[in-house]
Amino acid sequence: MAETVRRRGLDAQGFIEREGSLARVPDAFRPVVAAARDRIPDVFGPRLHSAYVYGSIPRGTARVGRSDLDLLIALREEPADADRDAVRALGEAVDEEFGQIDGVGTLLHGRGRLLSEPERYDLGWFVACLCTPLLGEDLAEYLPRYRPDSLLARETNGDLARWLPRWRERIEGAQDTEEARRPLVRFMSRHLVRTGFTLVMPRWQGWTSDLREMAEVFAAYYPERAAQLRTAARHGREPVGDPVVLRSYVDDLGPWLAEEYARVHGTKAPRPDQHAPCG
C-alpha cells in the first residue's frame with residue numbers, strides 16, 4: 001500500500017527542493033508581503049541580516065481570512081527582549097491593517113544560531129528548504145543540501161515528548177471558551193501531523209508541506225492511527241474549540257507518537273534554549 005503513494009518534493013539527486021516563491025504569492029496577499037518587506041528594515045536597521053516568508057502564502061495555497069503571515073527574521077547578533085517586543089508590535093500592526101490574514105507569526109533568531117552546528121538539521125534545514133528569501137543575503141548559501149533521512153527526522157521533530165507537558169499547561173491555562181481553545185487546536189494539530197509525517201518520511205522518501213497529504217502518507221504506514229491523523233489534519237486547517245480534541249492530543253495521540261518517534265529515530269539533541277516549534 002505504501003508504495004502507491006506519490007512521492008514529490010525532491011530534486012533529481014534526491015535532495016529536498018526549496019518550496020515556495022515570491023512569484024507564487026496569491027494576488028490578495030501581495031500587499032501584505034510588501035508591507036512586511038518595507039517595515040522590517042525600519043524596525044531593525046543595519047542589525048537586520050535577512051528576512052524570509054514561509055508557509056501557505058509563498059506556497060500559493062493561502063486562503064483569504066484564514067491564513068496567517070509567517071515570517072523568519074535573522075539579525076546579525078542574537079535578539080534581545082526588546083527585539084521580540086518590536087517583532088510582536090510589527091506583527092500586530094500588519095495583522096490589524098490587512099483583513100486577508102488571520103494573524104502574523106514571526107520567528108526571530110541571530111545569524112550565528114541559524115548557521116550553528118546544533119541547528120544544522122533543524123533551523124538550518126528550515127531556512128534552506130521551507131523559507132522564501134524576502135530581504136538580505138540568503139543564508140541557504142551557507143547550508144548543505146538535505147535528504148529526507150532519519151537524521152533530519154530526529155532533529156526536526158524528535159522532541160515531542162518535551163513539548164507535551166507545556167501543551168498540558170497551555171490547555172489548563174486557556175480560558176474556557178471555544179475562541180481561546182481554537183488557536184491551540186490549530187497549532188497542536190499541525191504539529192502532530194508534521195511529526196507523524198516526518199516519522200515515516202525516510203521510508204516514504206519524499207517531502208510535502210500539505211497537511212492532508214502528510215496525513216495520507218502517514219496512514220499508509222500506520223493504518224491503526226490513520227483516522228486520528230486525518231482528523232488532526234482537518235483541524236489544522238479548520239480548527240475547532242473542543243476541549244475533548246485537546247485532551248486526546250496530550251493524553252493519547254501525542255504520547256503514542258512521541259514514544260514511537262523515539263523508538264524509530266531517537267530523540268532530538270537538546271538545545272541551550274528550546275525554540276518554539278515552527279508553525
Side-chain angles (χ1 to χ4, degrees), residues 19-20 22 25 29-59 62 65-116 118-119 122-140 142-143 156 159 163 166-167 169-170 173-174 180 182-184 186-188 190-191 194 209 271-279:
E19 64 176 28
L22 294 181
V25 174
F29 294 93
R30 289 186 178 277
V32 185
V33 173
R37 183 184 60 229
D38 293 343
R39 296 176 194 183
I40 291 171
D42 293 338
V43 175
F44 295 107
R47 298 174 58 231
L48 175 69
H49 177 274
S50 51
Y52 308 80
V53 59
Y54 66 94
S56 61
I57 289 180
R59 292 199 302 267
R66 299 291 185 88
S67 298
D68 52 358
L69 174 66
D70 293 311
L71 301 168
L72 183 144
I73 297 174
L75 300 183
R76 296 187 183 279
E77 66 281 333
E78 290 304 309
D81 288 342
D83 297 318
R84 297 184 180 90
D85 291 340
V87 158
R88 191 176 302 111
L90 172 64
E92 290 172 353
V94 172
D95 182 35
E96 184 176 352
E97 182 174 343
F98 296 96
Q100 55 267 58
I101 57 172
D102 181 22
V104 177
T106 304
L107 299 174
L108 181 66
H109 296 289
R111 177 185 184 275
R113 179 171 186 172
L114 293 171
L115 295 180
S116 68
E119 295 292 353
D122 189 8
L123 285 175
W125 164 79
F126 181 72
V127 170
C129 295
L130 303 190
C131 288
T132 297
L134 189 63
L135 289 165
E137 182 185 25
D138 184 7
L139 289 173
Y142 301 93
L143 292 163
T156 52
D159 58 350
W163 286 105
R166 302 190 197 185
W167 286 14
E169 292 175 2
R170 291 181 65 181
R182 199 172 292 119
L184 294 180
R186 180 187 187 189
F187 166 76
M188 294 178 191
R190 292 182 175 191
H191 191 101
R194 289 165 181 159
S209 283
R271 306 292 192 267
D273 59 312
Q274 295 293 329
H275 57 83
C278 302

Heavy-atom pair of closest approach, residues [X] and [Y]:
{"X": "Arg186", "Y": "Ser67", "value": "NH2-CA, 4.3 Å"}
{"X": "Ala140", "Y": "Val127", "value": "N-CG1, 4.4 Å"}
{"X": "Gly91", "Y": "Val104", "value": "O-CG2, 3.5 Å"}
{"X": "Tyr52", "Y": "Pro133", "value": "CD2-CA, 3.6 Å"}
{"X": "Phe98", "Y": "Pro31", "value": "CZ-O, 3.7 Å"}
{"X": "Pro79", "Y": "Leu108", "value": "CB-CD2, 3.6 Å"}

Exercise. Between Asp95, Asp102, Ile57, Thr106, which is the residue that forms a side-chain contact (heavy atoms from CB on, under 4.5 Å) with Leu69?
Worked result: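 Answer to the side-chain contact (heavy atoms from CB on, under 4.5 Å) test with Leu69 among Asp95, Asp102, Ile57, Thr106: Ile57.
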Find the distance between [atom1] ([X]) and [atom2] ([Y]) and round it off to the nearest 0.5 Å.
{"X": "Leu123", "Y": "Leu143", "atom1": "CG", "atom2": "CG", "answer": "10.5 Å"}
{"X": "Arg111", "Y": "Tyr142", "atom1": "CZ", "atom2": "OH", "answer": "5.5 Å"}
{"X": "Asp68", "Y": "Ser56", "atom1": "CG", "atom2": "OG", "answer": "6.5 Å"}
{"X": "Leu114", "Y": "Cys131", "atom1": "CG", "atom2": "SG", "answer": "9.0 Å"}
{"X": "Leu115", "Y": "His49", "atom1": "CG", "atom2": "NE2", "answer": "7.5 Å"}

For this session: Taking side chain to side chain donor-acceptor pair (under 3.5 Å) as the test, write out the residues that go with Arg88, two or more places apart.
Result: Asp85
Would you mind reporting whether [Y] and [X] have side-chain heavy atoms less than 4.5 Å apart?
{"X": "Trp125", "Y": "Leu130", "value": "yes"}
{"X": "Trp163", "Y": "Met188", "value": "no"}
{"X": "Phe44", "Y": "Val87", "value": "yes"}
{"X": "Arg37", "Y": "Leu135", "value": "yes"}

Side-chain donor/acceptor pairs under 3.5 Å, residues 71-78, sequence neighbours excluded:
unit_1 : atom_1 : unit_2 : atom_2 : d
Arg76  : NE     : Pro46  : O      : 3.1
Glu77  : OE2    : Arg47  : NE     : 2.7
Glu77  : OE2    : Arg47  : NH2    : 3.0

Exercise. Short question: side chain of Asp83, backbone of Ala80 - any donor-acceptor pair under 3.5 Å?
Worked result: yes
Problem set entry | Arg30 (side chain) donor-acceptor with Val25 (main chain) under 3.5 angstrom |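 Yes; at least one donor-acceptor contact below 3.5 Å.
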Problem set entry | Presence of salt bridge, Arg39 and Asp42, under 4.0 angstrom |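 Here Asp42 does not pair with Arg39 in a salt bridge, since their nearest N and O are not under 4.0 Å apart.
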Problem set entry | Arg170 to Trp167 six-membered ring, cation-pi geometry met (6.0 Å, 45°) | no
